[in-house]
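Keep in mind it's a predicted model, so treat the numbers as computed, not measured.
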Amino acid sequence: MAGVIHKSMTLLALLKPKDGKEEWSTTEISRELNIPIQTVHRLLNCLCEVGFAVQNRETRKFRLGFKIMELGLSVRENRAVRSASLPFLIKLSNETKESVYLSIAEGSEGVIIDCVNSLSPIYNFNTDVEGKRLPLSVDAANKVILANVNLSLRDKIITELINQNVVKDRNNLETELRTIKNYGFALSYGEKIVRMTSIAAPIFSWEDTVVAAVSMSIDTEHRREDLNRFIDTIINYSKAISEELGWIVRV
């Protein structure tokens, strides 16, 4: 299996447009990579099935497919989001004296891709959460993303979570998501960390598409009086990051 994956990755790297050449024949690929032509055919068939490669019907040659291009654009977009967000995450953490997080959606899950730990936390708890995944129906950051994706995608994700036995009641979740979208932020209690209240707001791209969420968690017992102030603060920062990405506030 490892050998097949390595050969597939090598083939994809070869198909990358360079020096004006965008398409390759199976014979050219076989010769360039020193792989039997039958193996080249099998690999290309698999890559074409998933959209990573496509065949020109006229020339019978192969080139990279839009699916692999989408993955590349996704990686670049995530890097842009992280780069634009980091200065604001640092300011937000310093202002609130809490750790703050940046999350994105991957399929039916939300994943934390960046975290700025407070240098002077008022209440300590485990902040080693970068890379942590949870269903998009769990925790404020994930819910605020799910609440702001287009309706067809939201329905598809909820159906998938129901099939995974993660979501028990579609109506309750959809009602909560409508409320989150209307108010522009999400709250959750103890879903990610026991006794902590998570606050999250969405980040939008220049296309007015939700691309991430900024969030923080506060000690429910000791910082309850700061909740409303922190909600306003995190909304303001989420808008500032969105504007940094080219988003224009819709009136």
Smallest heavy-atom separation, Ile234 atom then Ser215 atom, equals CD1-CA, 3.6 Å
Over 60° means perpendicular and under 30° means parallel, so tell me whether Phe204 and Trp247 are parallel, tilted or perpendicular.
parallel
Set out, in order, the CA-CA distance, both residues' side-chain angles and the distance that settles side chain to side chain donor-acceptor pair (under 3.5 Å) for Ser217 and Ser198, then state yes or no.
CA-CA 4 Å; Ser217 295; Ser198 290; 3.0 Å; yes
Is the shortest side-chain heavy-atom distance between Asn163 and Thr159 below 4.5 Å?
yes
Quick one: do Phe185 and Leu187 satisfy side chain to side chain contact (heavy atoms under 4.5 Å, CB included)? Show the steps, please.
CA-CA 7 Å; Phe185 70 91; Leu187 294 177; 3.8 Å; yes
Can you tell me how far the CD atom of Glu109 sits from the OG atom of Ser137, to the nearest 0.5 Å?
10.5 Å
Does a side-chain heavy-atom distance below 4.5 Å link Phe62 with Thr26?
yes
How many angstroms lie between atom CG of Asn236 and atom CD1 of Ile231, to the nearest 0.5 angstrom?
12.0 Å
Examine distances only and state if a side-chain atom of Ser93 and a backbone atom of Glu98 form a donor-acceptor pair shorter than 3.5 Å.
yes
NZ of Lys21: more than 12 outside heavy atoms within 6.0 angstrom?
yes
Just wondering, do Val116 and Leu86 contact through their side chains at under 4.5 Å, heavy atoms?
yes
Give me the atom names and distance for the closest heavy-atom approach of Ser242 to Pro202.
OG-O, 4.1 Å
So, Arg154 side chain and Asn148 main chain: donor-acceptor pair closer than 3.5 Å or not?
no
Do Phe230 and Asn228 come close enough that some side-chain heavy atom pair is under 4.5 Å?
no
I'd like to check Thr209 versus Asn150 (side-chain heavy atoms, cut-off strictly below 4.5 Å). Are they in contact?
no
Do Leu47 and Leu33 belong to the same hydrophobic cluster, where Ile, Leu, Val, Met, Phe, Trp and Tyr are linked whenever their side-chain heavy atoms lie under 4.5 Å apart, directly or via other members?
yes
Gap between atom OG of Ser83 and atom CG of Leu245 - 0.5 Å precision
9.0 Å
Rounded to the nearest 0.5 angstrom, the NZ-SG distance for Lys132 and Cys115 is 12.0 Å
With a sphere of 6.0 Å drawn around CD of Glu95, does it hold more than 12 non-hydrogen atoms of other residues, nucleotides or ligands?
yes
Where do Asn172 and Asp169 come nearest, in terms of heavy atoms and distance?
N-OD1, 3.0 Å
Separation of Glu244 CD from Ile203 CD1 (nearest 0.5 Å):
11.5 Å
Hey, does the side chain of Ser238 reach the backbone of Ile235 with a donor-acceptor pair shorter than 3.5 angstrom?
yes
Arg229 versus Thr96, side-chain donor and acceptor atoms under 3.5 Å
no
Apply side chain to side chain donor-acceptor pair (under 3.5 Å) to residues Arg178 and Thr175 and explain how you reach the verdict.
CA-CA 5 Å; Arg178 284 194 295 270; Thr175 298; 3.3 Å; yes
Closest heavy-atom contact between Ala212 and Leu102?
CB-CD1, 4.0 Å
Got a second to check how far Asp114's CG is from Leu89's CG, nearest 0.5 Å?
6.0 Å
If the threshold is 4.0 Å, N to carboxylate O, is there a salt bridge linking Glu106 and Arg133?
yes
Joint hydrophobic cluster, Leu151 plus Leu136, side-chain heavy atoms closer than 4.5 Å:
no
Determine whether Arg42 and Thr39 make a side-chain contact, defined as any pair of heavy atoms from C-beta on separated by less than 4.5 Å.
yes
If every non-hydrogen atom of Val167 is compared with every non-hydrogen atom of Leu173, which pair is closest and at what distance?
CG2-CD2, 3.8 Å
From the options Arg57, Arg60, Arg63, select the one residue that forms a salt bridge (Lys or Arg N to Asp or Glu O under 4.0 Å) with Glu23.
Arg63
Taking side chain as C-beta onward, heavy atoms only, is Trp24 less than 4.5 Å from Glu32?
yes
Of all the heavy-atom pairs spanning Phe88 and Ala240, show the shortest one and how long it is.
CE2-CB, 3.6 Å
Could you walk me through whether Lys61 and Glu22 pass the salt bridge (charged side-chain N to carboxylate O under 4.0 Å, His left out) test, one step at a time?
CA-CA 9 Å; Lys61 293 183 177 182; Glu22 296 186 358; over 6 Å; no
Shared hydrophobic cluster for Leu64 and Val50 (ILVMFWY, side-chain gaps under 4.5 Å):
yes
Is there side-chain contact between Leu44 and Ile29, with heavy atoms separated by less than 4.5 Å?
yes
